[in-house]
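Shown next, in structure tokens, is the structure this report addresses.
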Amino acid sequence: MSIKKIAIILFATINTNAVAEEKPWTISTGLSYRDSNFNLPTNKNSSEYWSTNLSLSRKMNDVTWVGGSIAYNEGNVRYKTLSGRGDTDTTSIGAFVTRNVSWGLYVTGALNYGKLDISNKFTSTKFDTDADYTSASLGLTQYIPLSQNLMSSLNARYTHISSNVDSFVTNAGSAVGSSDSSLNFVTLGGRLDYKLQNWTPYVRLDWHKASREFIQNTGDEDYFNYGLGANYAVNTETTIGFSLDSVLEKRYANETSIGINLSHRF
């Protein structure tokens, strides 16, 4: 069997978007939980976030996939240093296109828009405001088969995020103007998937490098995050995925997330 044929077979197993001609659609839904602790010198806080998403994609031809998604995120922050708490609800939509341009090489472009509802309550100050953001990304993924059961992949992605926070007035009558910000960063990473009957466990490692600090006053212009998980093929059309992710070398931060995802082809 040639390397190209192995790559096609394993990619079809690993990536639920690679579907047979008679079943070009894939619908996916997922639920995730993230716990974060930030020990900044002037602002120690912890947060919890629950996220759910729904996506739909279609194989247009032998080399092209398109899709869209909608997601909802509910988070709460406990400010230890500032003695307060905050709540954030985020709704976002997105669209993507993926194309196979060469032997095991895939290009993906994605656009996302999100709307945030923010409420902060400190000991002496309370305020509510809205924010929104747009993001655009362009990525490359190269799949490299190491055997009929073991697949490796390398990825590179550029992401641009623009955000705006609306003006607001605190309960004390203080007016705060609107603010804009932007962030550019590059992600480089690798992953290993191993096919074991119905299970496909994997491990991955990514490095992120930004044009400025990811979080103000932290100095974290770059950091690593790693993950492990497994996909279980219930049948030829349905797959359940499990994931566990965390971060390395992110100053003042400790983050862990878990997730479950269900995909079905039709």
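Every heavy atom of this structure was used, including side-chain atoms; hydrogens, water molecules and symmetry mates were not.
Within the 3.5 Å criterion, the main-chain N or O of D89 finds no donor-acceptor partner in the side chain of D117. S162 places no side-chain N or O within 3.5 Å of a backbone atom of T134 that could act as its donor or acceptor partner. Checked by atom type and distance alone, the side chain of S211 pairs as donor or acceptor with a backbone atom of N184 at under 3.5 Å. For S102 (side chain) and L105 (main-chain N/O), no donor-acceptor pair under 3.5 Å exists by modelled atom type. Listed for the D220 side chain is no donor-acceptor partner under 3.5 Å among the backbone atoms of D222. A side-chain donor-acceptor contact under 3.5 Å links T52 to the backbone of G30. Side-chain atoms of S152 come within 3.5 Å of backbone atoms of I144 as a donor-acceptor pair (strictly under, hydrogens ignored). Using a distance-only test at 3.5 Å, with no hydrogens or angles considered, a donor-acceptor pair links the side chain of S246 to the main chain of E255.
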Carefully, step by step, assess S51 and N73 under the rule side chain to side chain donor-acceptor pair (under 3.5 Å). CA-CA 4 Å; S51 300; N73 178 292; 2.6 Å; yes
Evaluation steps, side chain to side chain donor-acceptor pair (under 3.5 Å), between S263 and N261: CA-CA 7 Å; S263 296; N261 186 80; 3.1 Å; yes
Determine, step by step, whether L54 and I27 satisfy the side chain to side chain contact (heavy atoms under 4.5 Å, CB included) criterion, reporting the C-alpha distance in whole Å, the side-chain angles of both residues, the deciding distance to 0.1 Å, and the verdict. CA-CA 7 Å; L54 178 67; I27 187 169; 4.0 Å; yes
Check the pair D193 / R191 against salt bridge (Lys or Arg N to Asp or Glu O under 4.0 Å), numbers first and verdict last. CA-CA 7 Å; D193 291 75; R191 172 168 161 160; 2.8 Å; yes
Candidate pair T141 and S153, rule side chain to side chain donor-acceptor pair (under 3.5 Å), full reasoning: CA-CA 7 Å; T141 301; S153 61; over 6 Å; no
Assess the residue pair T64 and R99 against the criterion (side chain to side chain donor-acceptor pair (under 3.5 Å)); give the C-alpha distance rounded to whole Å, side-chain angles, the decisive distance to 0.1 Å, and a yes or no. CA-CA 4 Å; T64 306; R99 187 171 179 83; 2.5 Å; yes
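Here R34 does not pair with E48 in a salt bridge; the nearest charged N to carboxylate O distance is not below 4.0 Å. Note on R212 versus E221: no salt bridge recorded, every NZ/NE/NH1/NH2 to OD/OE distance being 4.0 Å or above. A salt bridge links D87 to R85: at least one charged side-chain nitrogen sits closer than 4.0 Å to a carboxylate oxygen. Salt bridge present: R204 and D245 bring a charged side-chain N and a carboxylate O closer than 4.0 Å.
Between the side chains of T98 and T108, a donor-acceptor pair is found at a separation under 3.5 Å. Remark: the N254 side chain and the N37 side chain contain no N/O donor-acceptor pair separated by less than 3.5 Å. Of the N and O atoms on the side chains of D206 and T187, not one donor lies less than 3.5 Å from an acceptor on the other residue.
The shortest non-hydrogen separation linking N53 to T29 is O-OG1, 3.0 Å.
Counting non-hydrogen atoms of other residues, nucleotides and ligands closer than 6.0 Å to NZ of K126 gives a total of 12 or fewer.
The distance between the ring centers of Y49 and Y33 does not fall below 6.0 angstrom.
The aromatic rings of Y106 and W65 are tilted relative to each other, their planes meeting at an angle between 30° and 60°.
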